[in-house]
Amino acid sequence: MKNSVSMIKMMKTIMSTLTLVLIATIACAENDMYWDKTYPLSDKVIHEKVEFHNRFGIYISADMFKPKDFDASKDYAALIVGTPYGGVKEQGAGIYAQAMAERGFVTIAFDESYNGESGGFPRQISSVEGFVEDFHAAVDYMGTRPYVNREKIGIIGICGSGGFSLSAAQVDPRIKAVATVSMYDMSRVKANGWKDSWTEEERNAYLEQLGEQRWKEYAGAETKTLGLPETIDEDTDPITREFYGYYKTDRGHHPRSTTHFTMTSDMAFMNYKLLDRIESISPRPILFIMGENAHSRYFTEDAYEAAAEPKELVVVPGANHVDLYDRVDLIPWDKLDGFFTKALK
């Protein structure tokens, strides 16, 4: 009976994955006729759907943007943009990729493995190693485009991707510059709790829950996911309310951005330190951007202190964490442009 339940679950997941692949294929064929972003297409860029594979053989779906006057005979500086944790490329990451292409860069915004339009099974896995690997794979892809200069590849990591992008840069010298926006260190928050508030007893109790959940799911139980609730009320905490205001409203909602990851994914995060060697990125520069009122400030401030020079910290007045996902009037575009123009010259 247990085997039958597991087989049914597997078949449902496979069908779901095949549906995602079909949608991505249709999107590639129709190109800009199929525009499902949360932001409008700029008339200053050329857009196309692309895909590339990582070292695990998982195909990653991405949106590529080129300047309107793109010339394939030239070589360009390239930027790779990672999504906020729980987001997809059709949201904030795409806004950044398109805006930087307007400024002359060739850019991509991509979906992480197991999520969005990218491949990977089971779905909604949050993989600390896999998400870092996706950045390495994006560098593989961009560096093999004939119009991209391999010595001019940079990364923008938003929210959780800020930590993943820095982790990738620690061991990948092909990444010449990194900018983080509203950074989250997902390994830190999952291992230690919010603002490192967990006691050893609380941490161990959660590890016990994770172990029990693995046994349940191996025996055929429904996969448990963690993420934003479908509704909020007056008792909802301010951080959940802030994320809800972006992901669950017309402001930023996208059907592929479920914000949910499997609960058992947390076990690997609790055994991994994303920023353990952040100082080794030097002498390549890092630009840290955060909102003045961001609940996530401590991640950026601590990473900035731990990083070696050259580094710069930009605090956006009046902005909270999610404001820097999509509030184009608050995002410091000139600072990003100047940083990467200088770093990738």
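Model, not experiment: these values are computed from the prediction.
Annotation for R214: atom CZ does not count as buried by contact number, only 12 or fewer foreign heavy atoms lying within 6.0 Å. In the displayed structure, D233 atom CG is contacted under 6.0 Å by more than 12 heavy atoms of other residues, nucleotides or ligands. The local environment of CD in E208 is sparse, with at most 12 non-hydrogen atoms from other residues, nucleotides or ligands closer than 6.0 Å. Heavy atoms of other residues, nucleotides or ligands lying less than 6.0 angstrom from NZ of K248 number more than 12. More than 12 non-hydrogen atoms from other residues, nucleotides or ligands lie less than 6.0 angstrom from NZ of K37.
Between H295 and W194, some side-chain heavy-atom pair lies under the 4.5 Å cut-off. Using a 4.5 Å heavy-atom cutoff, the side chains of S161 and P84 are not in contact. Considering only heavy atoms from C-beta on, F105 comes within 4.5 Å of F340 through its side chain. Between E151 and K176, the closest side-chain pair of non-hydrogen atoms falls below 4.5 Å. In this structure, the side chains of L274 and V132 come closer than 4.5 Å at one or more pairs of heavy atoms. By the 4.5 Å heavy-atom criterion applied to side chains, Y114 and I58 are counted as neighbours. In this structure, the side chains of F339 and I156 stay at 4.5 Å or more apart for every pair of heavy atoms. No side-chain heavy atom of F299 sits under 4.5 Å from any side-chain heavy atom of M290.
In summary, the side chains of Y85 and S126 do present a donor paired with an acceptor at a separation below 3.5 Å, with no hydrogens or angles considered. E112 and T83 form a side-chain donor-acceptor contact under 3.5 Å, judged by distance and modelled atom types alone. There is no side-chain donor-acceptor pair under 3.5 Å between D196 and Y298. For H321 and E242, the side-chain atoms include no donor-acceptor pair closer than 3.5 Å.
Y244 contributes a side-chain N or O that, together with a main-chain N or O of E230, makes up a donor-acceptor pair within less than 3.5 Å.
Cluster annotation: F56 and F164 are assigned to the same hydrophobic cluster (Ile/Leu/Val/Met/Phe/Trp/Tyr, side-chain heavy-atom contacts under 4.5 Å, transitive).
Nearest heavy-atom pair, N54 versus S113, reported as atom, atom and distance to 0.1 Å: ND2-OG, 3.2 Å.
The only member of Y39, F65, Y34 that meets ring-ring contact (aromatic ring centres under 6.0 Å, His included) when paired with H47 is F65.
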Requested in this report: Carefully, step by step, assess Q98 and S42 under the rule side chain to side chain donor-acceptor pair (under 3.5 Å).
Outcome: CA-CA 7 Å; Q98 177 172 262; S42 169; 5.0 Å; no

